[in-house]
Structure formats: C-alpha cells, structure tokens
Amino acid sequence: MDLASILYLGVTFGLFAIFAAIVFRTYRRKNKDRNESAKYSMLDDDE
Amino acid sequence: MDKPSYNTDIVRSFINWSIVWGLVAVLVGVIVSFQMIAPDLQLPPWLTFGRLRPLHTNAGIYGWGVGTIFAMFLYIVQRLCKTPLWSPGLAKFQLWFFNATIIAAAVTLLLGYTTSKEYHELEWPIDIMVVILWVSFAINIIMTIIKRKEEQMYISLWYMMAAIIGVAILYLVNSAAVPASLFKSYSAYAGTNDANVHWWFAHNAVAMALTAPPLAMFYYFLPKSTGVPIYSHRLSIIAFWSLIFMYLWTGAHHLLWTPVPDWIQTLAMAFSVMLIAPSWGSVINGYLSMNGQWHQMRENYLVKFLILGITFYGLQTLQGPMQSIRTFSAFIHYTDWVPGHIHMGTLGWVSLIGFAGIYYLVPRVYGKELYSVPLANLHFWLVLIGQLIFSVSLWIAGVLQAGMWNAMNDDGSLTYTFMETMVEMYPYWSARAFGGVIYLVGVLVFIYNLVMTVKKGSDPSPALVEAEGRA
C-alpha cells in the first residue's frame, strides 16, 4: 500500500469518525430536548 | 423583545423575477420538445435545438431554480434568525446583478458561445458574473446567520449554508479555464480529468442547488403550512450530515463504462446507492410529520404541493441510485429514460416545493389573500399530470430505445439501424410535448392567480393570515 492509498484510507476513516461523533452527539439522551427544541419554535408567529 | 423589521421588498422582487425566468424555461422547453417532433421548426442560427436546449436548462436551473432559492432564503433566514437582513443594499445589488447575469447568459447562448460542458455552458466572463453574484448572496446570508437572535439553528439553516458553500466550491473548481478570447476559453483540465471534474460539478450542483435548498424550504414550509412541527429534528440533522458526507463522491456515476478509472466508477456507484438512506431520511421525516394530519392533503393546497414534492424526491432518489448501477446504466444510459428522470426531479420535486413556497409567501409579502384557492388546486393538478405524462412517456421510450439498440441478429449484426430507433420515438416525443404543454398551462394558471392576488386580492385579517396556509 503506497502513501497515497494510506492517506486516502485515513481521510475516509476520519470522515466516518466525524460522522459517527455527530450521530452520537445528536442522539445522546441528554441532548434530546435541546436538539428537538428547534422544531417547536417553528410554530411561533414569524412576524 | 421588539419585533424585528424584516425586508420583504427584496423577497417580492426575487419572486417576480424567478417566475419570469421560470416561464421562459418552460416555454423554451415546450418549443424544443416540438422541434424534436417537427425538425422544420428549427430557425437557424439562433433558434435551433442546439442553442435553445442550453437556454432551457440554464433558465430553468439558474433563472427559476436559483431565483427561487434567492427569494426563499432571503425570506427564511430573517425569520429563523429573528433578525433583519444584514445588508438590504447588497441584496438589491444581487437582484439586478442576477438579472444581468441571466440576460447575458441567454444572449451568449443564443449567439452560440458555449464551453460545451452540460449545465456549465457559460463562457468565462459570465462565470465571473456568477461568482460575484453568489459571493454577494453568500455574504448576506452568512452575516445574517452570524448576527442571529435565535440560538438554536433550525435544520433549514444547515441546508442553506451547505448550499451556499457547496455551490461556491463546485462552481469555482469547474470554472477553471484558460481564456483564449472574450468568449472562448479552454478547460484547465484535460481528457478524463476534465470529464471527472465536470460531472463531479454537475451531479453535485444537483445536490447543492436542487436538493439542499428545496429541503431547506420543505422543512420550513411544511410546519408553517400544517401548523404541526416536523416529526424529528434529530432525524433531519442526521439525514443532513449523511447527505453531505455521501453526495460529493457520486458524480462519476455519470461516467460508467468510460475511460475514467474503474475504482472511481465503483466508488461513485456505491455512494450513490448509500445515498438512498439520507434522502429517505428526509422523505420519512416528512411523511411522519403528517401523522394525524393527512386530511390536510384534501383541505390544504400547500400541503398537496409539499407532500407530492417530497414524494417525487423519494422516487427520484430511488431511481437515481438504480441508474447508477453499472448493469442498469449500460442498458439505460444515453436513452430518453434519462430526461424523464431529470424532469421528475425538476418539474416534480424542485418546482412543486418552489410553487408551495411562492404560494405561502405572496400573500404575506404583499399583504393580500390568495385570489383563488380553486385555481391553485387546478395549477397543482395540471403540473402534476403534465409532469407524469412527460416522465412516464420518456421512461417507456427509453426502455424501447435501449431494447432496440441492444437487439442483435444471430450473426451478431444489429437488428435495427439508428434511424429505425429514432422513428419509433416519435409517438413518445409527441406525448412528452403534450405533457409539456399541460405543464405550461399550469404555470400560466399559477401566474394568473398570483397577478390577480396582487391586483385584486382582499386585505386579510390577522386571523386569516394565520389560517391562510391551512385553508
């Protein structure tokens, strides 16, 4: 495996790790209310 | 807290101009569809199929699509951030520069100046205009988001930022060219690299201009229209990030069975299939948001546009990955199936969401009640039927075309000549033109309804304004 392939693989795994962290943070129980609160503010009067 | 004073003038102007360019796009589309069945309709040199076709796509994507994005983003960003637009002056400049750019694009395309790159035909001086236009738009939106009064960022803002950053990167990279004269340039890339960069741009332009912005609008207008929140904000966030991570790898599925390296094709194919998950994350979120509210499909014309729009998005994002699989692509690529697919996305998904957004905004930015809900319903059925006739006839034509191209005699020779396959297409091309005419009539009904709203619409009471979307 040459250096380019290792870098390519590293970037791929790095992106996957970032995505996994986003999923973990978003679905963490203690963040639930905070992450869902935005949808309720959509019912406020905009004007 | 004092209510901020939102800028609505600029939203009105962008709505009006996006509709003008949308009408041009559909009208030219209908003309070229008739040129396919009646080649004598070509009026050389300016009004031939070769020049009108890019005018149709550019007016549709950049005039109607991007014009609507400008209108919606400038409206939505102020409400979601609970703060006025950062610079109304910059937005006004953006409006006039937008129209100048579209006119310059239309004139040069009709004069035959083109890079010959599909969906990126504009020559380098107009490329520079597009960049100035987009940067002015991006600065205004991003600065408004930075100075927002609302801490939580609703999902629409994420999609808006992705669109702004994504389009900028894609357009800049694919625009790299060496000018040879005022209206002639050569791509900075060569051979398969050029093709690969170009389809990376073209397919991700679909992502960043024709997927992320309509999703931003959908997530904003659905709860506003139904009066209930979306099913899950967390699901929308995961769908957003997975879409962002996956989309950028898929462009090379336009280059299957070409000299582009095999591993790039396989990568694009795999990511295209994986893309079903985030796409359907949004579709399912939309459907589940309708739990207990499905009666609104009958009662609320806005919901009809929004839910049929997200349904076409779902169908589009199943059909697209299917087409990206090598074996299926080998059969269907280069046939009329493909324009059938594209128009389900543009006429079905993007335009239905755009229509819904405009119907929602016009009564609010003009302070009038919609002139006629029955006309809005008529518009809905006309564009739906027109689009279905258009797409279904081309899917059938595509399968027939592919079958005839692949048919072989026992001795290995082709069963049909290319001309024989062309002749077989005429009934389907006629059906496509007929579908286009129905769609055009639907758009005219839409415009008439809006014009009458502005001219004769009654002043709504506050309660009516609130209920209007659910009428």
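The sequence lines fix the lettering, A, B, ..., with proteins before strands; numbering per chain opens at 1. Keep in mind that what you see is a predicted model, and the values were worked out from it rather than measured. Atoms considered below: every heavy atom in the structure, side chains included; atoms not considered: hydrogens, waters and symmetry mates.
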Gap separating the CD1 atom of B/Ile230 from the CD atom of A/Glu36, nearest 0.5 angstrom:
7.5 Å
Report the distance from atom CD of B/Gln152 to atom OG of A/Ser41, rounding to the nearest 0.5 Å.
8.0 Å
Proximity breakdown for A/Thr26 and chain B, heavy-atom pairs closer than 4.5 Å:
both
Contacting region of [X] [heavy-atom separation from chain A under 4.5 Å]:
X        : answer
B/Ser232 : both
B/Tyr219 : backbone
B/Glu151 : side chain
B/Tyr75  : side chain
B/Leu235 : both
B/Ser242 : both
B/Leu157 : neither
B/Ile237 : side chain

Specify the closest pair of heavy atoms between [X] and [Y], including all atoms of both residues, with the distance to one decimal.
X        : Y        : result
B/Tyr231 : A/Lys39  : O-NZ, 2.7 Å
A/Met42  : B/Leu80  : SD-CD2, 3.5 Å
A/Tyr8   : B/Leu267 : OH-CD2, 3.3 Å

[X] [atom1]: over 12 foreign heavy atoms closer than 6.0 Å:
X        : atom1 : value
B/Trp200 : CH2   : yes
A/Phe16  : CZ    : no
B/Lys147 : NZ    : yes

State, yes or no, whether a side-chain contact exists between B/Phe245 and A/Ile18 at a heavy-atom distance under 4.5 Å.
yes
Mind checking whether B/Lys224 and A/Asp46 have side chains closer than 4.5 Å, heavy atoms only?
yes
Chain B: which of A/Val23, A/Asp44, A/Asn35, A/Asn31 shares the most heavy-atom pairs with it under 4.5 Å?
A/Asn35
